[in-house]
*Asks:* 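The structure is given below, and queries will be raised subsequently.
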Amino acid sequence: MCGIIGIVGRSPVQDRLIESLKRLEYRGYDSAGIAVYGPNGVARCRASGKIRALESKLSEHPLEGTIGIGHTRWATHGGPTEANAHPHRVGRVSLVHNGIIENYAELKAELATKGAIFESETDTEVIAHVLNAALEAGLAPLDALKATLDKLTGAFALAVLIEGEDSLMLGARRGSPLVVGYGDGEMFLGSDALAVGPFTSKIAYLDEGDFVAIDHTTARIFNSEGHPVTRQIRIVAASAALVEKGNYRHFMEKEIHDQPESCGHTLSAYLNPVTGKAILPPGLDFAKITRLQIVACGTAYYAGLIGRYLFESIARLPVDIDVASEFRYREPPVTPGTLAMVISQSGETADTLAGLRWCKSQGMVTAALVNVHESTMAREADIVLPTHAGPEIGVASTKAFTSQVAALTALAIAAGVARGHVSPDDELHLTRVLLESPRLISAAFQMEDAIRSLAPELAKARDVLYFGRGSMSALALEGALKLKEISYIHAEGYAAGELKHGPIALIDESTPVIVIAPSGPLFEKTMSNMSEVMARGGPIILITDAAGGRQAPAGIKVLIAPDCDALVAPLVFSVPIQMLAYYVAVQKGADVDQPRNLAKSVTVE
Ligand code: F6R
């Protein structure tokens, strides 16, 4: 996590560093800082909290200079204090870091025996000490950097300024992404294309282990062995403009309302509306695939759970799914014919990326279902499966989730066709149903007023339970995650049948239970589970459709979603669970788009 930017510019950099940090705030917002090489050497300014706190400090004490580095932090080692904020500075070295240095304690102990004094609790400061010691030992900047990198284990992207080198910036990447931006007489380093987007669209992605020296016009790139290498310069479409909220109060609200469009765009990559056929990207032949292994984190994992229902029921394709942070430790035996599919909005999540690399190392064919098409996962997987949700800024994933579910539904149909389980007529029917989903998602917005009116009561709860059956049990997990991450109310999601095996003990008059149950074959059983809760006094909010509403018992609150086919119910029923979390968080006055302790892109394991 953490976002970094570096500019070797021709004009003052302070405001440009801040502009870029605002674009990177999705990576963390515990503290921020910049260091600028000015007429009197390198000066820095740091502030705990969001970038606006740094901005207000800079407005009183601006930093002059045309070369500088900046950082927005998601705290790992040490609290979100100013002392722990980057850039860290030791002797001639000022640097910013994204990642985790795993052997920092060992290095710190070694440095301490040599008299090093530490000002922060971070792992990053250790890098600055090691690099400064190498410079003091007489090594040239690049040699000192290489010697430092050789001592580090863990993950990092770095941007470094060295006092006495007023037109040089060093960078390095291992495990965490770093791009080089090529401008007009100016050069840039950044965590991603978005960071350098306002300044250039010409970028090169550093490969794993690369390090780099940039000045105003050139980038000298070296691989981990120190050999000069060239990395392809691409023109990327990362827009220069910051994504705006428009008339919405929060990005999350906007992104919930973006979903008809984001799902529609995503589906147009996988379905031909004229022929009614599913389209697959080159290299993906489901006829040759005997098993699917899905790996993802958080909300993307819940999309994968829905995907498992779809692939198994429509395509009769066996699916294993794992949370990425645990996947490798399970050491699953590899079956020939397995397609490994990682699912990720950012395409940078460290655990998911590690899962992808593990699958590759085992010889599996890999596919990345990603929203950021230039991300590390997209570049490393054999097959890219894009979602077209557009930039998702709210930390709580909404439109990326439904785009993932839409793409997985289309892929499951395609797999069913390829494996001979879906006839041409059925394909036509299923794709028609799926193409209706953007309209049905729009229709679900009509639930908004009813949902908003439930928020004041729900916001008083200390605990909330969600349950559903079938793919709705995955939505129960997603609903609970949405609520807890933005409103800080403790929430848990369960498969409805599991309640009586323990969680029902939690039910009392003050524990609201949200039941997600469209009418259909699983409805009656879910209603029985709901009765078990009612018998114990639990207040219920039932999210169902018109037919389900007609069968709902008296005395509970009912939200009626648009009638829809079971195929698209996960898409349509996502809307009320997202809105419920959103309005409860607004009711509580929470920071909806940047909830505490979280970051949009989780690039540490
Ligand atoms: C929750 C949320 C997270 C992410 C998870 C994976 O709303 O957004 O749980 O889904 O951190 O992120 P990606 O999809 O970028 O790999």
Side-chain angles (χ1 to χ4, degrees), residues 1 3 24 26-28 74 176-177 191-192 194 250-253 255-256 259 262 266 294-307 321-327 341-357 367-378 380-381 384-387 389-405 407-408 466 474-489 491 493 574 577-582 584-585 590-605:
M1 344 259 280
L24 286 168
Y26 75 92
R27 302 177 78 94
W74 186 78
S176 305
S191 291
D192 57 23
L194 207 64
H250 299 101
F251 277 108
M252 184 178 178
E253 185 187 19
E255 287 159 6
I256 289 173
Q259 292 178 110
S262 52
T266 300
I294 298 178
V295 179
C297 296
T299 286
Y301 170 76
Y302 298 145
L305 285 181
I306 294 171
I321 173 162
D322 285 81
V323 284
S325 53
E326 288 298 321
F327 171 59
M341 184 193 288
V342 291
I343 305 177
S344 175
Q345 189 286 126
S346 61
E348 302 293 349
T349 301
D351 285 316
T352 312
L353 183 59
L356 170 71
R357 288 179 177 159
L369 181 60
V370 285
N371 195 41
V372 180
H373 306 159
E374 297 283 341
S375 58
T376 309
M377 284 181 219
E380 293 194 9
V384 181
L385 303 168
T387 52
E392 191 180 62
I393 309 296
V395 163
S397 185
T398 50
K399 62 176 180 172
F401 171 72
T402 44
S403 295
Q404 287 157 356
V405 173
L408 288 165
Y466 286 70
L475 266 198
L477 294 166
E478 170 60 2
L481 176 63
K482 283 291 89 93
L483 187 72
K484 69 184 131 192
E485 70 181 322
I486 60 169
S487 73
Y488 316 141
I489 294 175
S574 288
I577 62 154
Q578 294 166 348
M579 283 184 169
L580 207 53
Y582 173 74
V584 170
D591 189 344
V592 173
D593 287 331
Q594 295 186 327
R596 70 185 181 205
N597 306 341
L598 294 176
K600 184 76 185 155
S601 182
V602 186
T603 55
V604 292
E605 285 183 29

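In this chain, residues are counted from 1 in sequence order. As the structure lists them, so they are numbered: ligands from 1, and atoms in each ligand from 1.
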*Asks:* Under a 3.5 Å distance rule, please check whether Glu255 uses its side chain to pair with a backbone N or O of Ser397 as donor and acceptor.
*Replies:* no
*Asks:* Walk me through whether Gln259 and Gln578 qualify under side chain to side chain donor-acceptor pair (under 3.5 Å).
*Replies:* CA-CA 11 Å; Gln259 292 178 110; Gln578 294 166 348; 2.7 Å; yes
*Asks:* Looking only at protein heavy atoms, which one is nearest to atom 6 (C) of ligand 1, and how far off is it?
*Replies:* Cys297 O, 3.4 Å
*Asks:* Strictly by modelled atom types, are Thr387 and Gln404 linked by a side-chain donor-acceptor pair under 3.5 Å?
*Replies:* no
*Asks:* Can you name the one residue among Gln345, Glu478, Glu485 that meets side chain to side chain donor-acceptor pair (under 3.5 Å) with Thr299?
*Replies:* Glu478
*Asks:* Counting heavy atoms only, which part of Asn371 comes closer than 4.0 Å to ligand 1: side chain, backbone, both or neither?
*Replies:* neither
*Asks:* Identify the closest protein heavy atom to atom 14 (O) of ligand 1: which residue and atom is it, and at what distance?
*Replies:* Gln345 N, 2.6 Å
*Asks:* Quick one: look up the protein heavy atom nearest atom 11 (O) of ligand 1 and list residue, atom name and how far away it is.
*Replies:* Val602 CG2, 4.0 Å
*Asks:* Tell me the contacting part of Lys482 for ligand 1: side chain, backbone, both, or neither, using a 4.0 Å heavy-atom threshold, strictly below.
*Replies:* side chain
*Asks:* Indicate whether the side chain of Glu348 and that of Thr376 have a donor and an acceptor atom separated by less than 3.5 Å.
*Replies:* yes
*Asks:* I'd like to check which ligand 1 atoms, numbered from 1 as shown, lie under 4.0 Å from a non-hydrogen atom of Ala300.
*Replies:* 10 (O), 14 (O)
*Asks:* Could you list the atoms of ligand 1 found under 4.0 angstrom from a heavy atom of Ala396?
*Replies:* 7 (O)
*Asks:* Do Lys482 and Thr398 have side-chain N/O donor and acceptor atoms under 3.5 Å apart?
*Replies:* no
*Asks:* Quick check on contacts: which atoms of ligand 1 are under 4.0 angstrom from a heavy atom of Ser344?
*Replies:* 13 (P), 14 (O), 15 (O), 16 (O)
*Asks:* What is the distance from atom CG of Leu194 to atom CG of Leu24, rounded to the nearest 0.5 Å?
*Replies:* 7.0 Å
*Asks:* List the closest protein heavy-atom neighbour of atom 7 (O) of ligand 1: residue, atom name, distance to the nearest 0.1 Å.
*Replies:* Glu485 OE2, 2.5 Å
*Asks:* From atom 2 (C) of ligand 1, work out which of Thr299, Thr349, Asp351, Val372 has a heavy atom at the shortest distance.
*Replies:* Thr299
*Asks:* Return the closest protein heavy atom for atom 15 (O) of ligand 1 as residue, atom name and distance.
*Replies:* Ser346 OG, 2.6 Å
*Asks:* Examine distances only and state if a side-chain atom of His250 and a backbone atom of Asp591 form a donor-acceptor pair shorter than 3.5 Å.
*Replies:* no
